[in-house]
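Per chain, numbering begins at 1; letters A, B, ... match sequence-line order. These figures come from a predicted structure and were not determined experimentally. Only this structure's heavy atoms are used, side chains among them; waters, hydrogens and symmetry mates stay out.
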Amino acid sequence: MSKKVRVRFAPSPTGGLHLGGMRTVLYNYLFAKKHGGNFIVRIEDSDQSRYVAGAEEYIFNCLKWAGLEPDESAIHGGEYKPYRQSERKDIYKKYAEQLIKDGHAYYAFDTPEELEKMRNDFKSDHNHSPQYDGLVRMKMRNSVTLTSEETKKLLDEGARHVIRIKMPEHETVTFTDLIRGEVSFDTSLVDDKVLLKADGMPTYHLAVVVDDYLMKISHAFRGEEWLSSAPVHVLLWKYLFGINEMPQWAHLPLILGPNGKLSKRDGAKYGFPVFAMNWMDPKTNELVEGFKEKGFLPEAFINLLALLGWNDGTEQEIFSKEELIEKFSIERVHSGGAKFDYEKAKWFNHEWIKRLQISELPAGRQGLRFQIEAVFNAKGITINDSVKFEKIISLVKDRCTLLTDFYDQSYFFFITPEKWDVDAVKPKWSETKKLFFAELIRNFELCPDWRATILENNFKEITVVNEIKPGEVLLPFRIMLVGGKFGPGVFDIAEILGKEDTILRIKKFLEII
RNA sequence: GGCCCGUUCGUCUAAGGGUUAGGACACCACCCUUUCACGGUGGUGAUACGAGUUCGAAUCUCGUACGGGCUACCA
C-alpha cells in the first residue's frame, strides 16, 4: 500500500492525438501529480506497419503544449528505460517463454490462411466471428495438439509461429475497476490471444503487463475499449507476477461525436478540431486541424477536457491545472460516454481568455500575450509597439472566443482600411455631415490631450454646434476608422490609433465618399 | 450472433431512498449599449420503458428497449 504512485500512458504513434487520448493523458497526469507520483509515457510502437514517421515526436509536442509533460519517457529519460516497446523485444520473449514453461501459453504455427479458413468454417448465424478459443485450439496446429517432438522439430526448422495464452476453461475472472466497480468475465468466452507475434514483437496484452510490472506502475487509466481484454491482463498478472502486484485500473468512457464515436472525419464534417494539434498524415497528406491551431489556450483545453466526464461535485466549472490536480478524483469520473460539444468548448476558451492576464509569464513564450502575437505574426503583422499592443488586447479581449479572433477584432489597428462599408453611409450622407467632419478634423488637430473621454466630449460638442444628432455621425466615424460596422468603442479606437492616424483615416474617407 | 459497459433537459452534468429534480453550454425574451460583442435579468426544457422492494425510488433489484465497446499476428 505504501507503493509510490506511478501512472502510465501508452500512446501508439499511428496518427494524431485525439480528444479521448488527451483526456486519458490528463486523468493519468492529474492523478499522478495529486498523489505526488510520477507520470510515465511508454510508446506502443510494436506494429511497424501502422507506425507513422514523426508521430512520436508529435505526441510529445501535444503533451508539451498542454502542459502535461511526463516525468519519464523515451524522450525525457528515466530509470526504467527503454520506454519504446520495439526496444524491449528480448524482455517480452523471456516472459512469453516462461508462460509456456508454466503451461499458461503455447506455440501456434497456424498460418494466416489457416486462421482465415478456420474463421470461415466455424462462422454461423450463431457465431459471427469464431475465436481461437479452448475448443478451436484443439483443431489447430499448435504445441497443445502437436507432440513435443513435432513442436521441437518445427521450432528447430524456424517455422513461423506465435505464442498464445492458454485461456482456462470456465473460470471467472474478477477485478475492481476504479470507476465501474467489480467487473467479471467468464474465461471460456475469451479467446487465446496472441502474446508474441511471429516477428518477435509483443502484442499490447503482453507488453502492458510486463512493462507495468518492470516499471512499477501502480495505476493505469485507459479507454473503455480495453475493458473486454482486461481478463487476459488479469490472468497474465496472476501467472507472471502475482495478482497482488497488479496496478489499479480505471477504464475511461469514450468521447462521442455528434453521431456516435468521435472520428477525425467529424472534425472536417462539423468544423471543429478533434486533435490536440494539427496533424498532417505523411501517407495521405491529409491535414486534421488541432485545438492549438484553431486558437485554443492550453489552459482552456485542459479544463474542458477534464470536465468531459468529471466534476468535483460543486458547480465550479473553471479550473486551473493546479486546482484540477488538487480536486481530481478518479472515483468521480463518469462511467457513461460523453458527447463532445464544440459550443461549450469555445465557451471554456472564452472564459480563459477573459481571465488570463496579458502580462502573464512575460518572459516566457507561453503567456497569453505571446500566443496572441503569434496569431498576428502568422498573418504577416509584426508587433513593434508593445504598450499599444497590450492596450489593444485589453480592449478586445472580452469579445474574443478563439485566439484567432484577436486578429479579426483588431487588425484595423495595424492595417489602414482600403475598403469601407460605403453603403452604410452613402444613402444618408449630406453636406452637414461633411462640414461636421471638417470641423472635427480641425478640432482634433488642436487637441492637446489625446484621450478617449476627451475626444468623445469634443465630438459631442461639435454635434451640438452643428445641430446634428450624435447618432448620425457616430456610425460614419466608425466606418472611417475601421472600415465597417464592428469593433470596440470608437473613441477607444481613436485613442489607440493616435491623433495622426485618426485624422488621416477621416481625410481618406472624405476623399472617396 | 456472443460477451462486456452504459442510459437525468438538445449537450455536459448535480442530487448516493424524502429537493418545487439544481447548475453550465446552446436557444428564446427583456435590460444595458447611437456598431458588433461582453455583461445583467428571466424563460422554454430531463430522470428511456415496464415490473418489483419500500410509507416513500432518478437513486436499490429484475426484465425490455436503445446506445457504445470488444470479438486481429491493431493498439
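Residue contacts for A:Val194: at a heavy-atom cut-off of 4.0 Å it reaches the sugar-phosphate backbone alone, with no base atom in range. Counting non-hydrogen atoms under 4.0 angstrom, A:Ser46 reaches the backbone sugars and phosphates but no base. Looking at heavy-atom distances under 4.0 Å, A:Asp47 makes contact with sugar-phosphate atoms alone, never a base. Looking at heavy-atom distances under 4.0 Å, A:Ser129 makes contact with a base. Within 4.0 Å (heavy atoms only), A:Phe185 reaches sugar-phosphate atoms of the nucleic acid but no base atom. The residue A:Arg180 sits close only to the backbone: its heavy atoms come under 4.0 Å of sugar-phosphate atoms, none of a base. Residue contacts shown for A:Asp110 include a base, since a base heavy atom lies under 4.0 Å away. Counting any heavy atom pair closer than 4.0 Å across all strands shown, A:Arg164 reaches sugar-phosphate atoms only and no base atom.
The separation between A:Glu44 atom CD and B:C73 atom P is 17 Å, rounded to whole Å. Note: CD (A:Gln316) to P (B:C25) measures 15 Å, nearest angstrom. Summarising the geometry, the separation between CG on A:Leu252 and C1' on B:G69 is reported as 14 Å, rounded to the nearest angstrom. The interatomic distance linking A:Glu116 (CD) with B:C73 (C1') rounds to 14 Å, in whole Å. Distance, A:Glu224 CD to B:U7 P: 10 Å, rounded to whole Å.
A:Phe291 and A:Phe301 have tilted rings, their planes meeting at an angle from 30° to 60° on a 0 to 90° scale. A tilted orientation is assigned to the rings of A:Phe486 and A:Phe412, their planes being inclined by 30° to 60°.
Taking atom P on both nucleotides, B:C9 is separated from B:C49 by 10 Å, rounded to a whole Å. Distance check on atom P: B:G43 versus B:A24 gives 12 Å, rounded to whole Å. Using P as the reference atom, B:G52 and B:U59 are 14 Å apart when rounded to the nearest Å. On the P atoms, B:A58 is 9 Å away from B:U19, given to the nearest whole Å. When the C1' atom is compared between B:C25 and B:A46, the two are found 15 Å apart, to the nearest whole Å.
When the ring pair (Phe, Tyr, Trp, His ring centres under 6.0 Å) test is applied to A:Phe60, the partners found at least two apart in sequence or on another chain are A:His76. For A:Asn311, the side chain to side chain contact (heavy atoms under 4.5 Å, CB included) criterion is met by A:Leu307, A:Arg332, A:His334, not counting sequence neighbours. Evaluation of the side-chain hydrogen bond (donor to acceptor under 3.5 Å, both in side chains) rule for A:Ser49 yields A:Asp47 as partners, not counting sequence neighbours. Judged as a side chain to side chain contact (heavy atoms under 4.5 Å, CB included), and not counting sequence neighbours, the contacts of A:Ile330 are A:Phe31, A:Leu178, A:Ile179, A:Phe221, A:Ala250, A:Leu252, A:Phe328, A:Val333. Applying the side-chain hydrogen bond (donor to acceptor under 3.5 Å, both in side chains) rule to A:Asp177 yields the partners A:His251; only residues at least two apart in sequence or on another chain are considered. Take A:Asp501 and apply the side chain to side chain contact (heavy atoms under 4.5 Å, CB included) test, not counting sequence neighbours, and it matches A:Thr416, A:Leu497, A:Leu504, A:Arg505. Residues satisfying the side-chain hydrogen bond (donor to acceptor under 3.5 Å, both in side chains) test with A:Glu467, not counting sequence neighbours, are none.
Applying a 4.0 Å cut-off to non-hydrogen atoms, the residues of residues 227-237 of chain A that approach RNA chain B are A:Leu227, A:Ser228, listed by residue number.
For A:Lys197 and B:C74, the shortest distance from a side-chain N or O to OP1 or OP2 is below 4.0 Å.
Glycosidic conformation, B:C38: syn, with the torsion inside 90° of 0.
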key: Verdict with reasoning, A:Arg50 to A:Glu44, per salt bridge (charged side-chain N to carboxylate O under 4.0 Å, His left out)   = CA-CA 11 Å; A:Arg50 278 165 50 99; A:Glu44 300 279 354; over 6 Å; no
task = Just do the side-chain hydrogen bond (donor to acceptor under 3.5 Å, both in side chains) check on A:Tyr92 and A:Asp211 with the steps written out, would you?
result = CA-CA 9 Å; A:Tyr92 306 121; A:Asp211 289 347; 2.7 Å; yes
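Between A:His126 and A:Lys193, the residue whose closest nucleotide on RNA chain B is further toward the 5' end is A:His126.
Between A:Phe436 and A:Phe459, a ring centre-to-centre spacing shorter than 6.0 Å is recorded. Ring centers of A:Trp237 and A:Phe175: at least 6.0 Å apart, outside the cut-off. Residues A:Phe340 and A:Phe272 bring their aromatic ring centres within 6.0 Å. The ring of A:His233 has its center closer than 6.0 angstrom to the ring center of A:Tyr204.
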Are any protein N/O atoms closer than 3.5 Å to N/O atoms in nucleotides 18-21 of chain B? If there are, list each pair with its distance.
none

Mind listing the N/O atom pairs, protein and nucleotides 10-14 of chain B, below 3.5 Å?
{"unit_1": "B:C12", "atom_1": "OP1", "unit_2": "A:Lys339", "atom_2": "N", "d": "2.8"}
{"unit_1": "B:C12", "atom_1": "O2'", "unit_2": "A:Leu307", "atom_2": "O", "d": "3.3"}
{"unit_1": "B:U13", "atom_1": "OP1", "unit_2": "A:Gly309", "atom_2": "N", "d": "3.1"}
{"unit_1": "B:U13", "atom_1": "O3'", "unit_2": "A:Asn311", "atom_2": "ND2", "d": "2.9"}
{"unit_1": "B:U13", "atom_1": "O3'", "unit_2": "A:His334", "atom_2": "NE2", "d": "2.8"}
{"unit_1": "B:A14", "atom_1": "OP1", "unit_2": "A:Asn311", "atom_2": "ND2", "d": "2.9"}
{"unit_1": "B:A14", "atom_1": "OP1", "unit_2": "A:His334", "atom_2": "NE2", "d": "3.0"}
{"unit_1": "B:A14", "atom_1": "OP2", "unit_2": "A:His334", "atom_2": "NE2", "d": "3.0"}

remark   = Per-nt protein contacts along nucleotides 31-46 of chain B (heavy atom under 4.0 Å; B base, S backbone sugar-phosphate only, - none) come out as ---BBBBSS-------
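Residue pairs meeting the salt bridge (charged side-chain N to carboxylate O under 4.0 Å, His left out) criterion with at least one partner in residues 395-404 of chain A, sequence neighbours excluded, do not occur; the list is empty.
The listed nucleotides are B:G1, B:C74, B:U71; the one nearest the side chain of A:Thr203 is B:C74.
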